[in-house]
Every structure is written in structure tokens, then in C-alpha cells.
2 protein chains.
Amino acid sequence: MHMTVDQRSPRHSPQTCSVIAEHLSRIGDRWTLPVVVTLRDGPLRFNQLRRGVGGISQQMLTRTLRALERDGMVDRTVHPTVPPQVEYALTALGGSLGDQALQLGSWIVANLAEIERCRSAFDAEKA
Amino acid sequence: MHMTVDQRSPRHSPQTCSVIAEHLSRIGDRWTLPVVVTLRDGPLRFNQLRRGVGGISQQMLTRTLRALERDGMVDRTVHPTVPPQVEYALTALGGSLGDQALQLGSWIVANLAEIERCRSAFDAEKA
DNA sequence: CGGAATCCTAAGTGATACTG
DNA sequence: CAGTATCACTTAGGATTCCG
């Protein structure tokens, strides 16, 4: 942080860039970051998490959690009770991703009005 | 920058979150950030930019640039020569987005090995 | 309760051909 | 050179149904 970004340095090799792009579109999908951000407030069970995120289908929550689990962002703990209870919690890695998500979120919030203004102007002169 | 992110603060209302998610999946697509990052080194013409990004089809570059222009991230300047020359440059807003992209990129690079390790472990125990 | 399986639609993306 | 138009393909995502 506070690293001064050189305006003209290439910074990453093309291959590295494509790897970055790959992971970026991975976590930039519709639900990954909302789920991660929701889990920052503490571990949740499946349906608690689903309500917390809001608007996500059962299937997409399952898929998103599997992907996050696979990437080491989320821990899945099954309590052998009946009915079964499954608890999801962020790993350290996942928490770190959450930090990034919040930063990006802050940037978006900070620039939202400007973006909307630009869109309106663009659309207006197209008409 | 350097804002300490409170581990447990709710941070954003649900509506705000969904707006964030919306913009996030907007810029989290396959090409937006690669294009923005490429443009950080200075203005480029269409085909220069295409070569710089690498691997992008002509159609996707056009669409990505239109979307960026609409959002006020990129300026498009047509020089009335023959054959026509069109120059694309980041706006201040676009540069700011580029900064965010680089930060996220740095996070990905820093955690790539760990992620890959987790994936291998996950896939292994699935077999 | 926490999923898996299946079906379906819409959107993202690439390839190709054509144009001012 | 810098696009536009069209088509075909793949994927994301929702809805529904069924299971341990």
C-alpha cells in the first residue's frame, strides 16, 4: 500500500496479466464478492448465508461456495447432527480477499455519481 | 489508501452492495481491466491497443472501449485524416480505476501460489 | 437442512465477412 | 484503419424437482 505506481512501467508480463485477468473474472462474477463480504461478519450456516446475501438462488450459492472452498477462501464444516448443519467461514485468505473487495467497493461508491453522470451524458448525445 | 478496514463493520447497505456487485461484474468481465491497464502507459490507437492487450478480438475491443467510454473511463479522439486515426486515452477516472486494478492484480499475484495449492489439495481429495 | 440433478434462457465471447 | 453486422458457441444463472 502507498506504493507509488509508476505511470509507465509495464509492471507485469503478458502471461502474468492474463493470469490476473483470469482470476479477476473468476471473482468478478455475480455472487463471489457478495458472499465473501457477507461472511466477513462471522461464520454462517447455508440458509443464514443465503438470507444474508439476498437474492441468490440455492444453486448459485452452492456453486459459489464450492468454488470459494476450492480456492481456499472458505472453510466448510459439517456438524453431524440431524438435521445436518453446515457452517461456512472465511479463511485467512478469504478474509484478505474480503479486504480487497471492500476497497474496490469503496472506490465504486466514491465514483458512482461521476460514472452515472458520464453515462447519462454519453447516452444523451447518442440520441 | 491506508484506511484500516474494521473487521466487523457492516459497511454498506444491501442496496449499496448490489450496486457494487453490479459494477463489479461490469468491470470484472474478460477484457475491461486488461484494456485499462494497457492504456495506463499512454494513449494508443485502436490496433496498437489491440496488439498491446493481446488475444482480444476486434469486436470485443470495440465493445469494451465503448463501454469504457460510456462510463467516462476512456476518451476517444478521432483525427480526421485518411485513413482515419482514432486515439484512446484514459480519463482521470479511468486512471483511478487502473490503480484499483493494479492493486487487485498485486493481491492476486501475491496469493496465486496459495490459491493454486488449495485447488490442487481440493481436487486431490475429490478424486 | 443442505444440498444434487435437470432443464431452460440470456448474456458474453469469438470468427468471419463487409464497409467508409 | 477502425470499425459494423451476422452467426454460432459457450457459459452464467434462475427455476424446479428430488434426495439423505
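Each chain gets a letter, A, B and so on, in the order its sequence line appears, and its residues count up from 1.
- Residue B:L65 contributes atom CG, which lies 14 Å from atom C1' of D:dC1 at whole-angstrom precision.
- Side-chain contact between A:P34 and A:V53: present, with at least one pair of heavy atoms (C-beta onward) separated by less than 4.5 Å.
- If you check every strand for non-hydrogen atoms under 4.0 Å, B:R76 touches sugar and phosphate atoms only.
- A:R26 and A:A67 get closest at one heavy-atom pair: NH2-CB, 3.4 Å.
- Among the nucleotides C:dG2, D:dG14, C:dG14, the one closest to any side-chain atom of B:W31 is C:dG14.
- The minimum heavy-atom distance between B:T64 and B:T32, with the atom names listed, is CG2-CA, 3.7 Å.
- Close to D:dG3, at under 4.0 Å from its OP1 or OP2, lies a side-chain N or O of B:R66.
- Under the side chain to side chain contact (heavy atoms under 4.5 Å, CB included) test applied with A:L90, the options A:V37, A:L97, A:V74, A:V35 reduce to a single match, A:V74.
- For the pair A:R50 CZ and C:dG2 P, the interatomic distance rounds to 11 Å; values are reported in whole Å.
- A:Y88 and A:R76 make their closest contact through OH-NE, 3.2 Å (heavy atoms, listed as atom of the first residue, atom of the second, distance).
- Counting distance only, with no hydrogens placed and no angle test, the side-chain atoms of A:R63 and the base atoms of D:dG13 include a donor-acceptor pair under 3.5 Å.
- As a whole-Å value, the separation of B:R26 CZ from C:dG12 C1' is 12 Å.
- For the helix from C:dC1-D:dG20 to C:dG20-D:dC1, the rotation axes defined at the first and last 5 base pairs enclose an angle of 40°, given to the nearest 10°.
- Out of D:dG20, C:dA5, D:dC1, the shortest distance to the side chain of A:P84 is found at D:dG20.
- By the 4.5 Å heavy-atom criterion applied to side chains, A:Q58 and A:F46 are counted as neighbours.
- Between the base of C:dA4 and the side chain of A:Q58 there is a donor-acceptor pair shorter than 3.5 Å.
- One finds a side-chain N or O of A:R45 lying less than 4.0 angstrom from the OP1 or OP2 phosphate oxygen of C:dG2.
- Comparing D:dG14, D:dA2, D:dT17 by their nearest atom to the side chain of B:N47 picks out D:dA2.
- D:dT11 atom C1' lies 12 Å from atom CG of A:D29, rounded to whole Å.
- One interatomic measurement links the two molecules: CG of B:L61 to C1' of D:dA2, which rounds to 10 Å at whole-angstrom precision.
- Each of B:R51 and A:G55 has a nearest nucleotide on DNA chain D; the 5'-most of these lies closest to B:R51.
- Two residues, A:I56 and B:E87, neighbour DNA chain D, and the one matched to the more 5' nucleotide by heavy-atom proximity is B:E87.
- Rounding to whole angstrom units, CG of residue A:L44 and C1' of C:dG2 are separated by 15 Å.
- In this structure, A:R45 and A:P84 approach most closely via the heavy-atom pair NH2-O, 4.4 Å.
- Protein atom CE of A:M60 is 15 Å distant from nucleotide atom C1' of C:dA4, rounded to whole Å.
- When the side-chain nitrogen and oxygen atoms of B:Y88 are compared with OP1 and OP2 of D:dG3, one or more of them lie within a distance under 4.0 Å.
- What separates CD of B:Q59 from C1' of C:dA17 is a distance of 12 Å, to the nearest Å.
- In plain terms, the two heavy atoms of B:M60 and B:W31 that are nearest each other are CB-CD1, 4.0 Å.
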